[in-house]
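This report refers to the structure that appears directly beneath it.
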Amino acid sequence: MFDWHQTFVLRWDVRHLEHDVIYWDIVVVTTLDNVQKDAYDTLIQQRSTINRIPLGVDYLVITDPGKIGNGGSTMHAMHVLEQQYGWEILRKKRILLIHAGGYSQRTPTTSCLGKIATSIPKGWPTYDLFDIKLALYSLFPARMPHGGVFLCSSDTIELFDESHINTNWLLTNDFVAFAHPSSLSVGTQHGVFVLDPTDKRKCICVLQKPTIEQMKSHKAIWCHGDEEFVYTDSLYYFNMNVAQRLADIYRQEHNIQCEIDCYGDFMNPLGICPLPRPIGNENDNNNNNQQCIRIKQKLYDALLDCHLQVIILHKSSFNHTGTNDEYLDICCGNGQAGQEIFDELKLEKHVGCKVFDESRHDTIDFWHGILPALPHGDTLHHQPSAPDVHGCVIHSFIHPKCRSSQRSLLEYCCIGIPMHIGENTILSNITFVTYSDFNQNILYLPSNLIMQTIPLNDELFATFAFGFYDNMKITYNNNNKIMYFGQTLSIIAKKIHRHIDDLFDDENNKSLWTLKIFPVTKNPNESFEKTLKLILSNDFIMSEKQYVSIQEILKRRDISLTIQYRSNLINCT
């Protein structure tokens, strides 16, 4: 495989590299809102200060001007780059563009700091997806002699074997896309390249999330023995001529009010026989729909004459981290794909883990900098009475009588209570060192559980909890259809001493994402305990001044305190 291990810890100043070593000139990260931008700016500044990431690179965090999709975000980023640098300078730059916006509704525990800050259990402090992308993509800048933009999403890990790649290719065409062999079922959720059977370097067209029948009719399916597969999209490059066309369309439209896809809408007009030009509905009076069709048509016309080169990465894999299942598989090395990534990246089950000192529970407060002075080496690996931990643990203190299942993740936790953590569980930012009415030998958490404590503005805290497989995106028009850990909304409303009508701010936007049931408290331990009792106790009733949804939690989150809390735990583990 590509020897990324030598570049995984990227601690060099690109201004002092040898002439034959080439790296990115500009790394752009796009965000959903200004709070997320603050998080990314802080994380990048923190890494730069300790020489954790390459210096001499322009790291630019750009906030999307609304919900405009990754295509609109790409166009907006090109517009911002044009304003900041000008095309004369940009034409010589090698740019990595990472789309990291979005609230991560499928993996809520990554929502606070954003997808790009998703923890990956390796290194100290543990790496995240941003670190991994800077390392894995370090091969590509040297292949961009004339500059250009290399585009990727934030929640993927691509592995490839450089020895099986034709080493003669360069990133110089209008578009250069990388294709991975994938199953037909994976193809239904991605772009699929239809390649010329006589010359796979030539692309006929790019199908977007096609059905299997569509793949067959376009002859996109290939066979290796009895195995059928298709070539799916992932990363791609475009040159500065394309970048300028995208910026021009953005400037013409300016105030985009619809979502554009950087895969579907950019790839539709590409290939020898491209897909048909988008057609609008003349009777549609919705201005947003009209603008969406107009922009897609402009993109189609502007990119129709562009040349697409497809590079097939035969020995490669495209791995998504954007669901709780996928993320746990990677961190715990479960399943075929998860085990492959775990082994290839040489991940670790335990990164910075220590046994909780029961005698100091009254003096530990990682949130406010009151830290324990535990002896060096007091880790899970060296303690005779170490917890029975089988899952992944990252920068956490764990009670010696804790037990965790193989498919579980504890990140940035301080757990001072004997606890049994079940399958499919993710606990993040949890402080739980005292329990007001604990009268058991061990506290049993249910399986299929995700929980995270998030600090809010004004020194307050809230902890959200959801089922591992809960669909946060579904909206409901009937209260009776919404269930929370098997409980109806009427039961939940009674537990928190509220009327059922008080659980949502908007009658037309009812979902688990907007459900206002999480108590706002003055300390993180109380926050976790009360949310936990909401799940576990049948007769528990609490009356707080304020309850919030995860949607509101993210609007009010205190990014600086979250980062400081994690830094405190890192320094002590």
How about [X] and [Y]: does a side-chain donor come under 3.5 Å of a side-chain acceptor?
X: Asp343; Y: Gln339; result: yes
X: Glu326; Y: Thr321; result: no
X: Gln46; Y: Thr42; result: no
X: Tyr237; Y: Asp174; result: no
X: His99; Y: Asn70; result: no
X: Thr232; Y: Ser182; result: yes
X: Asn568; Y: Gln564; result: yes
X: Ser404; Y: His390; result: no
X: Asn239; Y: Arg91; result: no
X: Gln36; Y: Asp38; result: no
X: Thr109; Y: Ser428; result: no

Can you see which heavy atom on [X] is nearest to which on [Y], and at what distance?
X: Glu411; Y: Ser119; result: OE1-OG, 2.9 Å
X: Ile330; Y: Phe342; result: O-CD1, 3.3 Å
X: Leu308; Y: Cys203; result: CD2-SG, 3.8 Å
X: Asn334; Y: Leu328; result: OD1-O, 4.2 Å

Taking the side chain as everything from C-beta on, heavy atoms only, tell me whether [X] gets closer than 4.5 Å to [Y].
X: Thr562; Y: Ser560; answer: no
X: Asn429; Y: Cys413; answer: no
X: Leu345; Y: Tyr127; answer: no

Hey, is the main chain of [Y] close enough, under 3.5 Å, to the side chain of [X] for a donor-acceptor pair?
X: Thr453; Y: Thr463; result: no
X: Ser396; Y: Ile394; result: yes
X: Arg94; Y: His146; result: no
X: His320; Y: Thr156; result: no
X: Thr126; Y: Ile120; result: yes

Requested in this report: Go through the structure and list residues passing side chain to side chain donor-acceptor pair (under 3.5 Å) with Thr31, not counting sequence neighbours.
Outcome: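 With sequence neighbours excluded, Thr31 shows a side chain to side chain donor-acceptor pair (under 3.5 Å) to Thr63, given in chain and number order.
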Report task. Hey, could you give me each pair passing ring-ring contact (aromatic ring centres under 6.0 Å, His included) that has a residue in residues 43-97? Not counting sequence neighbours. Result -> His76-Tyr250, His79-Tyr250
Report task. Measure from the ring center of Tyr137 to the ring center of Phe150 and say whether it is less than 6.0 Å. Result ->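 Ring centres of Phe150 and Tyr137 closer than 6.0 Å.
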**Report entry** Ring centre gap for Phe366 and Tyr412 strictly below 6.0 Å
**Finding:** no
Query - side-chain contact (heavy atoms from CB on, under 4.5 Å), paired with Leu151, selected from Leu97, Val28, Ile95, Leu96 - result: Leu97
Query raised in the report: Going through the checks in order, is the ring pair (Phe, Tyr, Trp, His ring centres under 6.0 Å) test met by Tyr263 and Tyr236?
Result: CA-CA 9 Å; Tyr263 291 92; Tyr236 70 83; 5.6 Å; yes
Report task. Quick one: sort the Phe175 and Phe238 rings into parallel, tilted or perpendicular, breaks at 30° and 60°. Result -> tilted
Requested in this report: Decide if atom CZ of Arg251 counts as having more than 12 heavy atoms of other residues, nucleotides or ligands within a radius under 6.0 Å.
Outcome: yes
Report summary line: Of Phe140, Tyr231, Phe318, the one forming a ring pair (Phe, Tyr, Trp, His ring centres under 6.0 Å) with Phe178 is Phe140
Report task. Give a yes or no on whether a salt bridge exists between Asp131 and Arg52, defined as a side-chain N under 4.0 angstrom from a carboxylate O. Result -> yes
